Each structure stands twice: as structure tokens, then as C-alpha cells.
Amino acid sequence: MGWLVQDDIPTRKVPPMCGIIGYIGHQDAQEVILDGLRRMEYRGYDSAGIAIESEGRLTVAKKAGKLANLVSELEGHAIPSSSHGIGHTRWATHGGPTDENAHPHLAQSGRVALVHNGIIENFASLRDELIAEGIDFHSETDTEVASQLLGLEVEKQNSLLEAMRVVCNRLEGAFTLVAIDSEDDSSVVA
Ligand code: GLU
């Protein structure tokens, strides 16, 4: 048996972990969210995205690769100014690191946008059920089942918070979700 002195302790290798952020307030959401994503870059990620709500509409921008790719996308195609939004740095588990698979994901209605950290283990059966109900999927992620379920549920509940409660009860796995509703500019639900 030997003793480890401080210098012998190897650098701890932290597994990559996505970054997830929501903002509502008086500042520019895009600025706050990009700054938050920059601070979480050290965790490791393969793509990044942002969704903001402005005047009852959601706008999403997302890009595979470094945050700099998202920033240049936003320089080329400015999104409306807003003080309400969500952002994400992804570490892919389901579906490759592509623009389509990057978060946020929208519901088919376009009413809600959602970001997700973790894994939804029962996504395959939920996806089949949603496809049978006429939902078209635009990504290979497990995450999109949550955004699609949330989009359907928010129409029934007319409350993002209540809809999130119902949807979380249907999901199995270890996950964190953050979402915004284009019809409610007063909340971010996590
Ligand atoms: N499982 C999700 C995906 O593959 C989320 C991964 C993450 O936590 O970044 O998109």
C-alpha cells in the first residue's frame, strides 16, 4: 500500500454532461443564454441551440459543433429580441450530433420548445404511440417524444406547468427538462 501525494492524483475525468438553461427577466434572453452556455462549455458537448419566445412565436436556432457555430448562425440570421427563452449544449446519446438532433426540440404545433438532459428509457414505445396519432418526428432523439407529448398535453391543460407534470409521469429514465410555451410569456418550466 502506498500513499498518494497531491501531485500523484490524476486529473479527474468528468464524463461529458450537457448544459441546460432557461431565462425569463428584463435582459436580452439571447445574450443571457449564450453567456450561460459559454460558462458550461467546459462540461463537453457536441452541439448547441437556443429557442426564444417573442410576441407569441417561438424561434429556434441550433447547430452541430462548437457554440461558435451557433453564434455565427445567429449573426447571419438574427432572431427576434426577447426576454424569455431556453438554451442547451448537447452530448448526444440518441442520434448523432447533427443540426436536426440538437436541442431545443419543438412540438408539432410549434407551441412549445424543450431542452433535455439525460435519457428517456421508454422513448421507443412513446414514439410509436405518437406516430400512430399522426405526429411526424424530425430527429432521432429520445428527447423529441417529450416535446411532442408536451405539445399535445399543453393544449389539453392550457398550462405548461400542469402539462409538464403529466408528461414527466409518463417518462422513464433519468432526465431534466426545461420548456417554454409560446402562449405564456410569464414562465419557464423545469
Ligand atoms: N438523450 C438526449 C439526446 O441524445 C439528451 C442528451 C444530453 O443530455 O445532452 O439528445
Side-chain angles (χ1 to χ4, degrees), residues 12-23 29-30 32-52 58-71 73-74 85-108 110-131 135-154 160 163-181 188-190:
R12 193 168 145 243
K13 293 266 186 275
V14 182
M17 200 181 4
C18 86
I20 192 166
I21 182 166
Y23 177 74
Q30 178 179 319
V32 175
I33 290 167
L34 290 177
D35 184 47
L37 294 180
R38 248 176 235 119
R39 292 188 201 193
M40 293 188 284
E41 276 193 290
Y42 74 94
R43 293 160 170 240
Y45 66 102
D46 54 45
S47 45
I50 180 170
I52 60 102
L58 297 178
T59 307
V60 178
K62 48 194 200 171
K63 288 306 273 181
K66 290 286 168 203
L67 195 52
N69 298 353
L70 175 65
V71 171
E73 171 78 6
L74 291 167
I86 55 178
H88 189 261
T89 47
R90 175 175 187 239
W91 185 258
T93 63
H94 293 63
T98 62
D99 292 352
E100 293 73 25
N101 288 337
H103 303 205
H105 289 283
L106 285 174
Q108 186 151 293
R111 179 167 167 179
V112 301
L114 172 137
V115 291
H116 162 222
N117 175 13
I119 290 176
I120 297 167
E121 281 164 9
N122 59 337
F123 83 97
S125 58
L126 292 171
R127 190 178 161 110
D128 290 348
E129 180 188 312
L130 288 161
I131 289 170
I135 299 292
D136 293 325
F137 279 77
H138 301 282
S139 78
E140 302 158 309
T141 62
D142 51 339
T143 305
E144 199 180 345
V145 300
S147 60
Q148 297 293 5
L149 283 171
L150 196 62
L152 296 175
E153 201 57 43
V154 79
L160 185 62
M164 185 68 102
R165 285 200 175 110
V166 173
V167 169
C168 284
N169 281 330
R170 298 211 54 203
L171 306 178
E172 291 163 18
F175 51 84
T176 300
L177 304 172
V178 181
I180 52 173
D181 177 357
V188 171
V189 173

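Just so it is clear, the model here is predicted, and its values are computed rather than measured. Whatever order the structure lists them in is the order used to number ligands and atoms, beginning at 1.
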Quiz item: Considering only protein heavy atoms, which is closest to atom 5 (C) of ligand 1, and at what distance to one decimal place?
Solution: Gly118 O, 3.5 Å
Self-check item: Heavy-atom closest contact (Thr141 atom, Glu144 atom, distance)
Solution: OG1-N, 3.2 Å
Quiz item: Among Ile119, Ile120, Asp142, Asn101, which residue places a heavy atom closest to atom 2 (C) of ligand 1?
Solution: Asp142
Quiz item: Just which atoms of ligand 1 are under 4.0 Å from any heavy atom in Cys18?
Solution: 7 (C), 8 (O), 9 (O)
Practice problem: Return yes if some donor-acceptor pair links the side-chain N/O of Ser47 with the main-chain N/O of Ala102 below 3.5 Å, else return no. | Solution: no
Self-check item: Polar atom proximity, Trp91 to ligand 1 (N or O, under 3.5 Å)
Solution: yes
Practice problem: Determine whether the side chains of Asp128 and Ser125 contain a donor N or O and an acceptor N or O closer than 3.5 Å. | Solution: no
Quiz prompt | For Thr141, the ligand 1 atoms whose distance to one of its heavy atoms is below 4.0 Å | solution = 10 (O)
Quiz item: Does a side-chain N-to-carboxylate-O contact under 4.0 Å join Asp99 and Lys63?
Solution: yes
Quiz item: Tell me: protein heavy atom nearest atom 1 (N) of ligand 1, and distance?
Solution: Thr93 OG1, 2.6 Å
Self-check item: Numbered atoms of ligand 1 (with element) below 4.0 Å of His88, judged on heavy atoms
Solution: 9 (O)
Quiz item: Angle class for the Phe123/His94 ring planes (parallel below 30°, perpendicular above 60°, tilted otherwise)?
Solution: perpendicular
Quiz item: Could a heavy atom of Gly95 be found less than 4.0 Å from some atom of ligand 1?
Solution: no
Quiz item: Passes side chain to side chain contact (heavy atoms under 4.5 Å, CB included), Arg90 versus Tyr45? Steps please.
Solution: CA-CA 5 Å; Arg90 175 175 187 239; Tyr45 66 102; 5.8 Å; no
Quiz prompt | Arg90 neighbourhood, listing ligand 1 atoms whose heavy-atom distance to it stays under 4.0 Å | solution = 3 (C), 4 (O), 9 (O), 10 (O)
Self-check item: Arg43 CZ to Ile20 CD1 distance, which is reported to the nearest 0.5 Å
Solution: 9.5 Å
Quiz item: Any idea which atoms of ligand 1 are less than 4.0 Å away from a heavy-atom of His116?
Solution: 1 (N), 2 (C), 5 (C), 7 (C), 8 (O)
Quiz item: If we only count N/O pairs under 3.5 Å, is Asn117 in contact with ligand 1?
Solution: yes
Exercise. State whether a side-chain donor-acceptor pair under 3.5 Å links Ser147 with His105.
Key: no
